[in-house]
Amino acid sequence: MALLSILCYPDERLHTVAKPVAVVDDRIRRQIDDMFETMYEAKGVGLAATQVDFHERLIVMDVSEERNEPIVLINPEIEWASTEPFEWEEGCLSVPGVYDRVQRAERVRVRALDRDGQPFTLEAEGLMAVCIQHEMDHLMGKVFVEYLSLLKRTRIRAKMVKARRERERDGEH
């Protein structure tokens with residue numbers, strides 16, 4: 001397994017729309033393992049392939065307290081979403097240190113393939129439902145800050161660009 005580099009907003013690659021996974025093979029399973037290692041190391045609860053510059057429809061997540069309930073979603077599609085509004089404070093590994101409230105569906109049902117390519121359906125609510133929607137946005141090239149006001153997005157963009165310049169100046173990546 002290997003740690004992957006997480007793209008940081010406003011990197012344009014975060015706006016790439018992911019293509020469907022054509023075949024679930026060892027290449028995809030290695031990517032899944034690397035993404036889990038990266039997500040756990042970064043203390044995240046979800047990671048979309050787009051965030052690690054891998055533009056196929058693949059999500060890993062684990063919203064459990066013990067970090068022992070990994071979920072893989074390959075080619076996920078939301079079959080149903082509740083209509084009642086639900087607001088959650090979200091953060092993102094691609095926008096480190098930024099948290100804000102975003103309105104999502106409180107419950108969703110998603111259809112996907114597991115790490116062996118087997119189809120399954122998952123019903124989720126609360127944090128898991130938010131995480132699924134957040135990560136699926138990444139696969140469509142959307143970052144959660146795009147739900148925020150233009151003023152907030154402008155401030156976040158400036159903060160992220162400044163942080164990247166400081167990392168580059170200090171010789172970090």
Side-chain angles (χ1 to χ4, degrees), residues 1-21 27-67 70-76 78 85-105 108 126-173:
M1 292 197 302
L3 285 176
L4 305 170
S5 294
I6 299 172
L7 300 177
C8 283
Y9 181 81
D11 192 306
E12 284 303 313
R13 293 171 290 180
L14 288 169
H15 298 293
T16 304
V17 176
K19 294 175 173 49
V21 171
R27 177 185 71 91
I28 293 298
R29 284 186 280 276
R30 267 192 308 279
Q31 184 69 25
I32 289 167
D33 292 342
D34 291 348
M35 287 174 61
F36 270 120
E37 183 176 359
T38 302
M39 180 192 75
Y40 287 132
E41 178 71 21
K43 309 284 190 274
V45 296
L47 185 66
T50 304
Q51 294 176 269
V52 292
D53 205 18
F54 185 84
H55 302 287
E56 295 181 41
R57 294 183 58 76
L58 171 60
I59 293 169
V60 300
M61 50 189 280
D62 185 343
V63 298
S64 69
E65 289 288 326
E66 299 80 23
R67 315 297 280 152
I71 296 171
V72 174
L73 301 172
I74 300 171
N75 296 336
I78 292 181
F86 179 70
E87 208 172 72
W88 194 277
E89 185 170 87
E90 294 185 28
C92 181
L93 295 176
S94 291
V95 194
V98 175
Y99 300 89
D100 214 314
R101 299 190 78 72
V102 175
Q103 202 167 67
R104 304 266 188 195
V108 297
L127 174 58
M128 185 180 291
V130 167
C131 187
I132 289 168
Q133 293 168 85
H134 176 110
E135 302 308 335
M136 286 186 68
D137 275 353
H138 278 300
L139 298 180
M140 296 307 298
K142 188 170 186 176
V143 181
F144 93 99
V145 297
E146 293 170 44
Y147 288 99
L148 308 178
S149 70
L150 177 60
L151 177 61
K152 283 184 178 181
R153 282 195 317 267
T154 302
R155 287 181 176 163
I156 291 166
R157 176 183 286 270
K159 177 181 175 181
M160 295 294 112
V161 168
K162 180 181 178 193
R164 183 183 69 221
R165 285 188 188 130
E166 289 173 356
R167 284 192 310 272
E168 288 170 355
R169 185 194 67 220
D170 296 340
E172 299 173 23
H173 294 289

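When a residue number appears, it is its place in the shown sequence, counting from 1.
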If every non-hydrogen atom of [X] is compared with every non-hydrogen atom of [Y], which pair is closest and at what distance?
X: Met35; Y: Ala49; answer: CE-N, 3.3 Å
X: Arg13; Y: Thr50; answer: O-CG2, 3.8 Å
X: Pro70; Y: Tyr40; answer: CB-OH, 3.8 Å
X: Ala129; Y: Ala105; answer: CB-O, 4.2 Å
X: Arg164; Y: Pro10; answer: NH1-CD, 4.4 Å
X: Phe144; Y: Val98; answer: CZ-O, 3.8 Å

When you measure from the side chain of [X] to the backbone of [Y], do you find a donor-acceptor pair of N or O atoms at a distance under 3.5 Å?
X: Ser94; Y: Leu7; result: yes
X: Glu37; Y: Ala2; result: yes
X: Asn75; Y: Val21; result: yes
X: Glu41; Y: Thr38; result: no

Are Asp53 and Leu4 close enough, and set up right, to give a side chain to side chain contact (heavy atoms under 4.5 Å, CB included), and what steps lead you there?
CA-CA 9 Å; Asp53 205 18; Leu4 305 170; over 6 Å; no
Run Tyr147 and Asp100 through side chain to side chain contact (heavy atoms under 4.5 Å, CB included) and show every step you take.
CA-CA 10 Å; Tyr147 288 99; Asp100 214 314; over 6 Å; no
Decide yes or no for Ile71 and Met128: does some side-chain heavy atom of the first lie under 4.5 Å from some side-chain heavy atom of the second?
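Answer yes - side chains close enough.
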Does any part of the side chain of Val130, heavy atoms only, come nearer than 4.5 Å to the side chain of Val63, both counted from C-beta?
no
Report the relative orientation of the aromatic rings in His134 and His138; use parallel for angles under 30°, tilted for 30 to 60°, perpendicular for over 60°.
perpendicular
Around Arg155, counting heavy atoms of other residues, nucleotides and ligands shown, do more than 12 lie under 6.0 Å from its CZ?
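Counting neighbours around CZ of Arg155, 12 or fewer heavy atoms of other residues, nucleotides or ligands fall under 6.0 Å, so no.
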Does atom CD (Glu65) have a neighbourhood of more than 12 heavy atoms from anything else shown, all under 6.0 Å?
no
Kindly indicate, with the supporting measurements, whether the criterion side chain to side chain contact (heavy atoms under 4.5 Å, CB included) is fulfilled by Leu73 and Glu135.
CA-CA 10 Å; Leu73 301 172; Glu135 302 308 335; over 6 Å; no
What's the separation between atom [atom1] in [X] and atom [atom2] in [Y], rounded to the nearest 0.5 Å?
X: Asp33; Y: Ile28; atom1: CG; atom2: CD1; result: 11.5 Å
X: Arg27; Y: Gln31; atom1: CZ; atom2: CD; result: 8.0 Å
X: Arg57; Y: Lys19; atom1: CZ; atom2: NZ; result: 12.0 Å
X: Ile59; Y: Leu139; atom1: CD1; atom2: CG; result: 4.5 Å
X: Met61; Y: Met39; atom1: CE; atom2: CE; result: 8.5 Å
X: Ser5; Y: Gln51; atom1: OG; atom2: CD; result: 13.0 Å

Determine, step by step, whether Met160 and Val95 satisfy the side chain to side chain contact (heavy atoms under 4.5 Å, CB included) criterion, reporting the C-alpha distance in whole Å, the side-chain angles of both residues, the deciding distance to 0.1 Å, and the verdict.
CA-CA 7 Å; Met160 295 294 112; Val95 194; 4.2 Å; yes
